[in-house]
Amino acid sequence: MYEKITPPTVGAKITFKNGEPVVPENPIIPFIRGDGTGIDIWPATENVLDAAIAKAYKGKRKISWFRVYAGDEACDLYGTYQYLPQDTLTAIKEYGIAIKGPLTTPVGGGIRSLNVALRQIFDLYTCVRPCRYYAGTPSPHKTPEKLDVIVYRENTEDIYLGIEWKQGSAIGDRLIKFLNEELIPATPEHGKKQIPLDAGIGIKPISKTGSQRLVRRAIKHALLLPKNKQQVTLVHKGNIMKYTEGAFRDWGYELATSEFRQECVTERESWILGNKEKNPNISLEENAHEIDPGFDSLTPEKKAQIVKEVETVLNTIWDSHGNGKWKEKIMVNDRIADSIFQQIQTRPDEYSILATMNLNGDYLSDAAAAIVGGLGMGPGANIGDSCAIFEATHGTAPKHAGLDRINPGSVILSGVMMLEYMGWQEAADLIKKGLGDAIANGQVTYDLARLMEPPVEPLKCSEFADAIIKYFG
Ligand SMILES: NC(=O)C1=CN([C@@H]2O[C@H](COP(=O)(O)OP(=O)(O)OC[C@H]3O[C@@H](n4cnc5c(N)ncnc54)[C@H](OP(=O)(O)O)[C@@H]3O)[C@@H](O)[C@H]2O)C=CC1
Ligand SMILES: O=C(O)CCC(=O)C(=O)O
Ligand SMILES: [Mg+2]
């Protein structure tokens with residue numbers, strides 16, 4: 001079945017039931033070491049995960065690691081250009097849950113991202129990237145402890161689908177001609193716009209299905225959070241890209257107010273309900289005026305539309321959500337993408353789950369990780385309905401590769417997410433405690449050591465893993 005790899009002889013398969021993993025006591029879990037600093041980070045991660053499981057379950061539970069290959073080391077084993085061998089895909093499909101280090105993607109040409117390919121092949125449509133602060137972590141931000149957000153990034157669509165044409169290519173030129181001469185003139189709203197003849201072209205598909213399944217998972221996650229964090233913010237650039245990013249917002253609200261009607265309230269609904277609670281005699285027009293500051297300057301049609309919106313909200317959810325009941329629901333709001341980058345810095349404690357599309361989520365997860373200490377502190381998970389692959393937010397950081405100095409925290413915390421996903425909470429908690437205490441005691445790698453005041457002597461990557469284990473307690 002496998003060409004060049006052999007599964008462990010001890011251990012059992014993880015299976016999936018109704019989208020959730022069913023985990024045996026001794027699961028076989030494939031891992032990809034990764035390119036660049038993967039060589040340093042993976043051994044440190046495996047060490048910490050194994051130690052936590054051994055301590056938490058005293059031998060009753062154990063992971064049987066199954067080494068599979070991707071990236072440069074796959075080419076070494078399987079031959080030139082064999083970046084993502086069939087063996088690796090077969091193993092991940094068979095065993096259901098995998099964890100990986102970072103993989104290199106060349107810029108401007110060459111192979112397309114192996115990381116993105118894995119997400120698409122296994123339909124891992126949800127990328128979950130929590131950004132929370134561990135006390136004592138140095139940060140460029142004054143109040144990093146106020147940020148506790150989870151980026152929910154759609155993981156299979158958007159420009160990451162990778163459908164694009166190079167400037168000057170025959171098909172790219174044909175497409176531009178077709179758009180300029182036929183499709184754009186046939187769409188009156190585009191006026192006399194034309195695509196420059198020397199442009200490269202990329203396609204940005206955002207589907208209703210893809211958007212709603214992502215938002216569905218985000219809302220389900222919000223339901224599990226403490227009341228004060230039960231909020232989902234739809235992040236989009238829908239003012240500019242109306243039919244992709246704007247549609248994502250609309251589909252998100254549609255899902256929240258249909259499938260999760262009893263559990264959710266939208267921000268605008270909360271204003272309408274709140275206005276009536278403050279003033280039970282408020283008219284529909286006065287209420288509409290209150291929720292739209294620019295109401296007076298709107299066209300009569302737009303005014304009528306907002307009055308209708310107020311009426312519909314009061315008619316449909318006053319009984320279930322009114323009289324303050326909405327305060328117990330999940331708040332669903334939306335923010336424009338550029339604004340959210342400043343909001344997570346100026347008003348970090350106002351946000352919880354940030355649900356967004358692929359490109360926004362990519363940018364946002366690096367930015368949020370920076371606030372809580374940098375890319376060494378940014379874990380992640382790619383989750384689908386019958387497979388999950390855990391990986392950090394960061395890349396291969398090639399200049400640090402092989403020096404035993406990089407921070408393994410993000411992949412270790414991705415391992416924590418994996419343990420939590422498996423239901424092995426006790427082991428996950430030990431690692432979070434160990435990592436938190438190591439940082440609080442100034443035992444950190446170079447990236448955090450250089451920011452600490454006073455500066456501390458950095459630990460090696462492997463030493464940081466040992467410190468985490470020491471602080472399990
Ligand atoms: N999922 C994946 O596998 C991903 C792969 N990539 C790929 O990785 C390659 C390199 O990408 P690049 O843009 O340099 O981004 P990287 O995330 O690899 O690194 C950029 C910088 O971030 C800091 N950093 C990254 N990881 C860590 C860590 N574990 N601990 C501490 N600091 C860290 C380092 O900063 P400093 O040097 O200042 O300390 C590093 O130089 C590219 O080929 C890219 O496509 C990128 C992102 C995700
Ligand atoms: O695949 C890559 O090389 C980059 C992906 C990336 O930046 C991410 O998923 O955050
Ligand atoms: Mg990224």
Side-chain angles (χ1 to χ4, degrees), residues 31-45 70-74 83-84 98-121 124-129 131 137-140 151-162 356-370 372-383 389-415 435 439 444-451 458-462 464-465:
F31 73 93
I32 295 168
R33 185 196 73 190
D35 297 328
T37 46
I39 198 168
D40 308 291
I41 291 174
W42 178 256
T45 301
D72 293 340
E73 56 166 8
Y83 287 98
L84 197 52
I99 182 165
K100 64 178 278 295
L103 295 168
T104 306
T105 315
V107 175
I111 57 161
R112 293 220 168 252
S113 167
L114 305 169
N115 310 300
V116 172
L118 283 167
R119 298 166 197 166
Q120 288 173 347
I121 290 167
L124 307 174
Y125 58 88
T126 317
C127 178
V128 187
R129 291 183 168 174
C131 296
T137 312
S139 157
V151 177
Y152 257 74
R153 166 190 181 193
E154 200 292 321
N155 221 11
T156 59
E157 309 190 329
D158 204 344
I159 54 166
Y160 287 67
L161 202 54
T356 191
M357 287 143 286
N358 217 331
L359 179 61
N360 297 336
D362 193 356
Y363 294 162
L364 195 53
S365 51
D366 267 44
V372 295
L375 283 175
M377 301 299 290
N382 304 294
I383 312 258
I389 302 180
F390 294 79
E391 67 175 335
T393 292
H394 64 70
T396 55
K399 71 181 176 190
H400 303 287
L403 302 176
D404 194 16
R405 72 192 299 259
I406 198 76
N407 185 350
S410 305
V411 180
I412 291 173
L413 287 170
S414 304
L435 184 130
I439 292 173
V444 293
T445 43
Y446 83 94
D447 52 322
L448 303 183
R450 71 185 169 189
L451 294 173
L459 296 186
K460 292 178 179 173
C461 171
S462 53
F464 183 52

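Order of appearance sets the numbers: ligands from 1, and atoms from 1 within every ligand.
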| Would a 4.0 Å cut-off, counted as strictly less than, catch a protein heavy atom around atom 31 (C) of ligand 1? | yes
| message | Can you check atom 8 (O) of ligand 1: any protein non-hydrogen atom closer than 4.0 Å? | response | yes
| request: Please state which part of T105 comes within less than 4.0 Å of ligand 1, counting heavy atoms only: side chain, backbone, both or neither. | output: both
| request: Identify which of G395, G110, P106 has a heavy atom lying nearest to atom 46 (C) of ligand 1. | output: G395
| query | Salt bridge or not for R153 and D362, using N-O below 4.0 Å? | reply | yes
| For ligand 1, does R450 get within less than 4.0 Å through its side chain, its backbone, both, or neither, judged by non-hydrogen atoms? | side chain
| Residue D362, metal the Mg ion (ligand 3), N/O/S under 2.8 Å | yes
| task | Taking only heavy atoms of K100 into account, list the atoms of ligand 1 that are under 4.0 Å away from them. | result | 3 (O)
| note | Short version for T445: what comes under 4.0 Å of ligand 1, heavy atoms counted, is neither
| query | Has ligand 2 got any nitrogen or oxygen that is less than 3.5 angstrom from a nitrogen or oxygen of T104? | reply | no
| task | Identify, by atom number and element, the atoms of ligand 1 in contact range of P102, meaning under 4.0 Å from any of its heavy atoms. | result | 3 (O)
| Quick one: does atom 41 (O) of ligand 1 have a protein heavy atom under 4.0 Å from it? | yes
| Distance filter under 4.0 Å to K399 heavy atoms, resulting ligand 1 atoms | 37 (O), 41 (O)
| said: Side chain, backbone, both or neither: which applies to E391 and ligand 2 if a contact is any heavy-atom pair less than 4.0 Å apart? | reply: neither
| message | With respect to T104, determine whether any N or O atom, backbone or side chain, lies less than 3.5 Å from an N or O atom of ligand 1. | response | no
| query | Heavy atom under 4.0 Å from ligand 1: found in N115's side chain, backbone, both, or neither? | reply | side chain
| Between the side chains of E391 and N382, does any donor sit under 3.5 Å from an acceptor? | yes
| query | So, for atom 13 (O) of ligand 1, does the protein have a heavy atom nearer than 4.0 Å? | reply | no
| So is V107 in contact with ligand 1, going by heavy-atom distances below 4.0 Å? | no
| Numbering the atoms of ligand 2 from 1, which are under 4.0 Å from a heavy atom of N115? | 1 (O), 2 (C), 3 (O)
| query | Short list, please: which atoms of ligand 1 are under 4.0 Å from a heavy atom of N407? | reply | 28 (C), 29 (N), 30 (N), 31 (C)
| task | Please state whether R119 comes within less than 4.0 angstrom of ligand 1, counting heavy atoms only. | result | yes
